[in-house]
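One structure is given here, and the rest of the page talks about it.
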Amino acid sequence: MRYLGNNIKMTVNNLTVSFSDEGPDDAPVIIFIHGFPFNKSMWNVQLEELKDDYRVIAYDIRGHGSSDSGNEDFSIELFVKDLLCLMDALKIDKTVLCGLSMGGYIALNAIENYPERFDALILSDTHCIADTPEAKGKRMKTIERIKKNGVDDYADESISNLFAPESFTTRGEEIAAVRKMIVKTSKQSLYKTLLALSVRKETCNKLPEIKVPVLIMVGKEDKITPPSAAWLIQEKIQGSFLNIIEHAGHLANMENPEDFNYQLKKFVSSVKHL
Ligand code: MLT
């Protein structure tokens, strides 16, 4: 039996996972994977827009939103296992994946290891490289900073880097929602995810092996994973499309949902075998 709604809880990979599942039973499936340290609600506008024509699922990665965190150390590989277990639990054989930033790292690792489970990819504001020594050092400093100054201070610092300058005047509601998502994440989960991100493997070398349709999107003013990183991905995946989203920084789907949704719908409706 399928449960419909936006805070469904299910035990997946020995963990309580919270997810939204909407849209017709027999429609093509799109699974949305959020970035760090956000949660599934960052995809609310996309789910609303697509749910008449697609079965749309967004879930909270372990340690985020309303999903439990479990006792293990986090890793991108563990997050991928959670995703595959969720698909199995929901009896989803194949899906389109849409991941933003950390969600993109998960999507790229998932397709590298389980290519037969995915019909198409949407990669937003993400990159394929591993952390440089400097980036790793910055993550360790962030952990120290959260320990010393707390999560509110971390949220303020993050917000200042996440959005395009104009979003601070035009997207007040979205910024408040993102702040809420960040402060809802426990310190332990922040530390565990920062460590997982710092040791993630690069996926650039495997990009030429991707044979499904791929749409890449990036906010024109994304400072964290800039357009140059998106070009690098596009260059390596034959036949992939790249759209630069105007008026957006790192959270393109929230800062310019109109263009993001237009491109997303155009792309999924063009995928022939769905
Ligand atoms: C994200 O939005 O998921 C993060 O920027 C990813 C990262 O810190 O590498």
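Only heavy atoms go into these numbers, but all of them, side chains included; no hydrogens, no water, no symmetry mates. Sequential numbering from 1 along the given sequence is applied to the chain's residues. From a predicted model like this one, the values you see are computed outputs, not experimental measurements. Just follow the structure's listing: the first ligand is 1, and inside any ligand the first atom is 1.
At the shortest separation from atom 9 (O) of ligand 1 among protein heavy atoms lies Tyr105 OH, 2.6 Å. When only non-hydrogen protein atoms are considered, atom 3 (O) of ligand 1 lies nearest to Phe36 N, 2.7 Å. Nearest to atom 2 (O) of ligand 1 among the protein's heavy atoms is His250 NE2, 2.8 Å.
The ligand atoms of ligand 1 that sit less than 4.0 angstrom from a heavy atom of Ser101 are 1 (C), 2 (O), 3 (O), 4 (C), 5 (O), 6 (C). The ligand atoms of ligand 1 that sit less than 4.0 angstrom from a heavy atom of Phe38 are 2 (O). Those atoms of ligand 1 that come under 4.0 Å of a heavy atom in Ile224, given as number and element, are 5 (O). Of all the atoms in ligand 1, the ones that sit under 4.0 Å from a non-hydrogen atom of Met102 are 1 (C), 3 (O). The ligand atoms of ligand 1 that sit less than 4.0 angstrom from a heavy atom of Arg139 are 7 (C), 8 (O), 9 (O). Shown in contact with Gly35 at under 4.0 Å from a heavy atom are these atoms of ligand 1, numbered in order with element: 3 (O).
Crowding of Lys220 atom NZ: a count of heavy atoms from other residues, nucleotides or ligands under 6.0 Å not exceeding 12.
Look at Arg171 and Glu166 and you find no salt bridge, because none of the NZ, NE, NH1 or NH2 atoms lies under 4.0 Å from a carboxylate O. Taking a cutoff of 4.0 Å between a charged side-chain nitrogen and a carboxylate oxygen, Lys192 and Glu72 do not qualify as a salt bridge. No salt bridge links Glu116 with Lys94; every basic N to acidic carboxylate O contact stays at or beyond 4.0 Å.
A donor-acceptor pair shorter than 3.5 Å can be found between the side chains of Thr225 and Asp222.
Between Phe32 and Trp43, the ring planes lie tilted relative to each other; the angle falls in the 30° to 60° range. In this pair, His34 and His64 present their aromatic rings tilted. The plane angle is within the 30 to 60° band.
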